Amino acid sequence: PPVRVAAWPEPLEPAAFHGLAGDFVRLVSPHTEADVAALLFSLLVAIGNLFGRHAYFVAEADRHYPNMFAVLAGLSAKGRKGTSFGYIHVLCLLIEAAWTRERILKGLSSGEGLIWAVRDPIEKQEPIREKGRVVGYQSVIIDDGVTDKRLLCQEGEFALVLRVLNREGNTLSAVIRTAWDTGDLSVLTKNSPAKATGAHISLLGHITKDELLRHMSNTETTNGFVNRFLWVCVKRARVLPEGGSLPEADMIALAARFADAVAFAQEDRELKRDADARALWRQVYPALSEGKPGLLGAILGRAEAQVMRIACIYALLDRSAEIQRIHLEAALAVWRYCEASAQYLFGESLGNPLADDLYELLRQAPNGLTRNEICNHFGRHRSAKEIATALGLLAEYGKARMAKDAAAGGRPAERWFSITPVSSPAEPGELSQQSEVN
């Protein structure tokens, strides 16, 4: 079958706008130029951090708390990515002003700096002296640390973060990965005594597609950094020359409902799926856990955990101690949009540079190429084994096929052809149709 070239994602499914999250998007979206996807994902990340490290879901031996990482990616800098957080900031101020003012930070530059923002008290051993002699040692607190371990990193220029990751010796990537996993953070450096336990870190980034592809390194796509993020395509939804006019009373009323959900979420409890949700989970789990080939598979490699974290947030917004089927359906709708976004942003790369180069080479050769012609193209700098592996990948994932060339008086030669891709729709403009959220 032909390879389908990724197109801009279809609008979010109505199931994604369940409960309080949907009420917020429906209230705000007519008054902002931001995409409903940008509103929804920014809200889920922010509220998940407000919830803190209390309610959790257990998968095997791991506890998953409602802290999430997401990157909003637009076609250009005019995609209204930053605009999407404005009303969420207003909502959070009404819910918990201290957190909003003190625990939303930006400027990620090192792992040590991230740990410092959520650090434990720092102690130092000082000598106890009697008559000039050291008779023992005592622990003295030299830094009180941070009491509120919740932290939302809002990075309006996520490309700068990606550049930092590429610096030799920088610890930011490793610390971010650990922050998603456990919240117990430290780096083994002599000059950094700070560590953090029980940190609840969320991350919301903004970037353009061009910047993403330019600065994302192969290392970060294969070491688990990328698949801890939800990748979200967003664009400008409408033109509002005079801005929005959201009634303040409506936002205050909605914030009161969110505050009740936050209070509920801050009780320590384990969330479990109810019977209907378990039945649905059994249906979708094989496909979620099987993964996808190539680079896209590496980017979407934590599908099961991501879906359950999202489902937990929907359940907590409903003040439910159980994850119900409707919460799981909402999370799956969100995840499907993330899958489509990742496919659009990262394309069909196999994660093997030689295989990707070979695919482009074959696409430009309608009459195909023999193994010898392929070797000549690379100036004989690629071994036969490397080329065979790359061709095998292309054949395995349906991107190339091989035919035998009949040769008089000799062994038929292999001739390789690309499999013609289906043409994709033109990339959309910044303006988009409003997604159905009812």
Side-chain angles (χ1 to χ4, degrees), residues 4-17 21 25 29 34-45 68-85 155 158-159 161-162 180 202-216 220-221 225-237 287-288 291-307 309-310 313 330-349 351 424-437:
R4 184 168 296 278
V5 177
W8 187 266
E10 292 294 320
L12 277 157
E13 301 165 27
F17 300 97
V25 175
S29 58
D35 195 324
V36 293
L39 291 172
L40 179 64
F41 280 87
S42 298
L43 176 72
L44 293 175
V45 172
M68 290 170 42
F69 298 170
V71 175
L72 310 184
L75 293 174
S76 73
K78 297 293 186 180
R80 297 302 188 265
K81 299 178 290 296
T83 304
S84 62
F85 199 76
E155 298 297 330
F158 194 69
V161 177
L162 295 181
W180 193 91
S202 305
L203 201 156
L204 181 63
H206 300 158
I207 199 169
T208 66
K209 180 182 178 182
D210 289 343
E211 288 174 329
L212 175 61
L213 298 181
R214 190 182 313 126
H215 298 298
M216 182 65 72
E220 302 309 330
T221 59
F225 176 84
V226 174
N227 62 33
R228 286 169 169 84
F229 286 81
L230 304 176
W231 298 94
V232 187
C233 284
V234 299
K235 53 190 174 182
R236 187 178 184 180
L288 286 175
K292 297 182 182 297
L295 175 62
L296 191 62
I299 292 167
L300 301 173
R302 296 181 187 272
E304 316 98 290
Q306 296 280 22
V307 167
R309 288 196 182 197
I310 300 166
I313 293 176
L332 289 167
V334 167
W335 179 251
R336 283 190 285 270
Y337 189 83
C338 293
E339 278 191 324
S341 294
Q343 194 159 14
Y344 175 78
L345 293 169
F346 296 97
E348 299 289 343
S349 172
S424 65
E427 287 193 351
E430 283 299 331
L431 278 173
S432 67
Q433 293 265 334
Q434 176 72 3
S435 179
E436 219 179 303
V437 297

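Numbers here simply count residues along the sequence, with the first being 1. In this text the structure is predicted, and so the values were computed from the model without any measurement.
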* Are Trp335 and Cys338 side-chain neighbours, meaning at least one heavy-atom pair lies under 4.5 Å? -> yes
* **Donor-acceptor pair, side chain of Ser341 and main chain of Cys233, under 3.5 angstrom** => yes
* Verdict with supporting geometry, Leu332 and Leu288, side-chain contact (heavy atoms from CB on, under 4.5 Å) -> CA-CA 10 Å; Leu332 289 167; Leu288 286 175; 4.1 Å; yes
* Asked: Shortest non-hydrogen contact from Ala21 to Leu44?
  -> CB-CD2, 4.4 Å
* Are any of the side-chain heavy atoms of Leu72 and Asp35 separated by less than 4.5 Å? -> no
* To do: Report yes if some heavy atom in the side chain of Leu162 is under 4.5 Å from a heavy atom in the side chain of Ile207; otherwise report no.
  => yes
* Structure fact -> Rounded to the nearest 0.5 Å, the CG atom of Leu204 sits from the CZ atom of Phe158 at a distance of 10.0 Å
* Asked: Shortest non-hydrogen contact from Tyr344 to Pro9?
  -> CB-CD, 4.4 Å
* Working for side-chain contact (heavy atoms from CB on, under 4.5 Å), residues Leu345 and Ile299 -> CA-CA 11 Å; Leu345 293 169; Ile299 292 167; over 6 Å; no
* Can you find a pair of side-chain heavy atoms, one from Leu75 and one from Lys235, that are under 4.5 Å apart? -> no
* **Shortest non-hydrogen contact between Leu12 and Ala333, atoms and distance** => CD2-O, 4.2 Å
* Asked: Rounded to the nearest 0.5 Å, how far apart are CZ of Phe85 and NE2 of His206?
  -> 8.0 Å
* Asked: Do Phe41 and Ser84 touch side chain to side chain, with heavy atoms closer than 4.5 Å?
  -> no
* From Phe229 atom CZ to Gln306 atom CD, the distance as rounded to the nearest 0.5 Å -> 10.0 Å
* To do: Output the distance between atom CD (Glu211) and atom NZ (Lys209), rounded to the nearest 0.5 Å.
  => 13.5 Å
* Point-to-point distance, once rounded to the nearest 0.5 Å, from CZ of Arg309 to CZ of Arg228 -> 9.0 Å
* Could you pull out the closest heavy-atom pair between Ala331 and Val307, with the gap in Å? => CB-O, 3.3 Å
* Asked: What are the two closest heavy atoms between Leu203 and Val45, and how far apart are they?
  -> O-CG1, 3.9 Å
* Indicate the ring-plane relationship of Phe346 and Trp231, choosing parallel, tilted or perpendicular according to the 30° and 60° boundaries. => perpendicular
* So, do Met68 and Ile313 sit near enough that their side-chain heavy atoms are less than 4.5 Å apart? -> yes
* To do: Determine the minimum heavy-atom distance between Gly301 and Asn227, stating which atoms define it.
  => N-CB, 3.8 Å
